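Bear in mind the structure is a predicted one, so any value in this text is a computation, not a measurement.
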Amino acid sequence: MASKASSKNAQFWRTDWFAGVAIVVAVLLLNQATDLIGSLERKFYDVASTSSSRQPSDKVAIIAIDDQSVSNIGRWPWPRDVHAKLIDQLAAAKAKTIVHTAFFIEPQTDRGLDYIRKMKDVLQPVDGADGLPDALRERLSQIIVEAESSLDTDGKLASSISRAGDVVLPSIYRLGEPLGRPDQPLPPFALKSTITDAPGFSEAALSGQQPLERFGAPAAGIGHLNQLPDADGYLRFVKYSEEVFD
């Protein structure tokens, strides 16, 4: 009897299904306890992607803001009219889509612009009550309009984005699981760029920073610039952010 029991136990331990279960359990424990499997997956991915013989598309151009650019144009951040000129040049070159990665979340206006506008208000026609000849008032008004246009760099950028019609601007989010209901919804111009959520492919966001409305409204789209590197610090994929604010 003992011999038969031992034989049955030996057969049990040698069955294919038991071996399969044991291997699955061992792999799950190894995956939970170490990063070995994830590390192997990343290495295989890197080898597969770097061994590809495909050439980058010649239809995509990356315009980098490098040290030479800063040396030629001036220190960062550049005035908004510089960005406007760049967009105008790309639009004139018939760029199909212009993806601009600089953040325009705050106004950037010259300190003298407010005084120019005050002077403009003072020179409004008052039926000669100020004693200025009409010709002089007209000339001063023309100069003030030119100064206002020159100093309103945000206005120049907004106009360039609107004229191009194909500019995509960035937003950025503070990622995390929200608590409670959202404080405020996304602005309408950002809502136009949202996509349907797919489970497992999005990241919840606590808050977000969008471009100013005068830039975002005429833009062709808004895309986030959040980056989620892997455990080894390399960026291999990009998730989209789920616009849910606490």
Side-chain angles (χ1 to χ4, degrees), residues 57-125 135-174 186-194 207-227 241:
S57 173
D58 58 359
K59 296 181 179 180
V60 178
I62 298 177
I63 302 174
I65 301 175
D66 53 13
D67 292 340
Q68 185 64 41
S69 302
V70 173
S71 176
N72 293 339
I73 299 176
R75 66 180 183 178
W76 188 265
W78 292 336
R80 299 280 165 81
D81 56 340
V82 174
H83 296 278
K85 184 178 180 181
L86 173 60
I87 291 174
D88 290 341
Q89 290 175 335
L90 292 173
K94 306 299 182 182
K96 186 175 181 180
T97 303
I98 302 171
V99 181
H100 205 305
T101 58
F103 291 107
F104 301 127
I105 58 180
E106 296 177 347
Q108 186 188 76
T109 55
D110 192 281
R111 295 177 61 183
L113 184 60
D114 289 338
Y115 293 97
I116 292 294
R117 287 172 174 166
K118 289 178 181 179
M119 295 170 62
K120 182 179 179 180
D121 292 338
V122 171
L123 285 176
Q124 293 297 323
L136 177 59
R137 181 186 296 106
E138 182 179 353
R139 179 57 179 158
L140 289 174
S141 298
Q142 182 180 358
I143 293 174
I144 288 175
V145 168
E146 293 175 358
E148 181 181 20
S149 176
S150 177
L151 296 177
D152 186 13
T153 56
D154 277 3
K156 289 184 176 181
L157 177 58
S159 297
S160 294
I161 294 173
S162 180
R163 284 194 303 270
D166 57 1
V167 179
V168 178
L169 297 179
S171 61
I172 193 166
Y173 295 90
R174 184 166 62 93
L186 286 174
F189 64 82
L191 283 173
K192 293 188 300 183
S193 297
T194 57
S207 60
Q209 290 184 304
Q210 306 294 330
L212 294 175
E213 184 175 2
R214 69 184 308 185
F215 305 137
I222 308 295
H224 79 86
L225 280 187
N226 287 82
Q227 297 182 345
S241 295

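- At distances below 3.5 Å, not a single donor-acceptor pair connects side-chain atoms of D81 with backbone N or O atoms of A84.
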Open item on the list: Go through it in stages, so that I can follow the logic: the residues are L157 and I87, the test is side chain to side chain contact (heavy atoms under 4.5 Å, CB included), and I'd like the CA-CA distance, side-chain angles, deciding distance and then a yes or no.
Closed with: CA-CA 8 Å; L157 177 58; I87 291 174; 3.8 Å; yes
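- Put simply, CG on L191 and CG on L186 are 5.0 Å apart, with the number rounded to the nearest 0.5 Å.
- With hydrogens and angles disregarded, a donor-acceptor distance shorter than 3.5 Å links the side chain of T153 to the backbone of Q108.
- In this structure, A91 and A164 approach most closely via the heavy-atom pair CB-CB, 4.0 Å.
- Ring pair H224/Y173 is perpendicular by interplanar angle, where above 60° counts as perpendicular and below 30° as parallel.
- The two residues V70 and R75 have their closest heavy-atom pair at CG1-CA, 3.7 Å.
- Judged by distance alone, the side chain of S162 and the main-chain N or O of A158 form no donor-acceptor pair under 3.5 Å.
- For E213, the CD atom sits in a loose shell: 12 or fewer heavy atoms of surrounding residues, nucleotides or ligands are nearer than 6.0 Å.
- When all heavy atoms are compared, the tightest approach of Q210 to A190 is OE1-CB, 3.7 Å.
- More than 12 heavy-atom neighbours from other residues, nucleotides or ligands sit within 6.0 angstrom of CG on D66.
- Closest non-hydrogen pair, D154 versus F215, comes out as O-CE2, 3.3 Å.
- Below 30°, between 30° and 60°, or above 60°: for W76 and H83 the angle between ring planes is above 60°, a perpendicular geometry.
- Of all non-hydrogen atoms in P211 and L169, the two that sit nearest each other are CG-CB, 4.0 Å.
- Closest approach of K96 and D166 over heavy atoms only: O-OD2, 3.0 Å.
- A 4.5 Å side-chain heavy-atom check between L86 and L90 finds at least one atom pair inside the cut-off.
- The CD1 atom of I65 lies 6.0 Å from the OG1 atom of T101; values are rounded to the nearest 0.5 Å.
- Taken to the nearest 0.5 Å, the CZ atom of R80 stands 11.0 Å off from the CG atom of D152.
- Checking side-chain atoms of S71 against main-chain N and O of D67 turns up no donor-acceptor pair under 3.5 Å.
- To the nearest 0.5 Å, atoms CD (Q68) and CD1 (I73) are separated by 10.0 Å.
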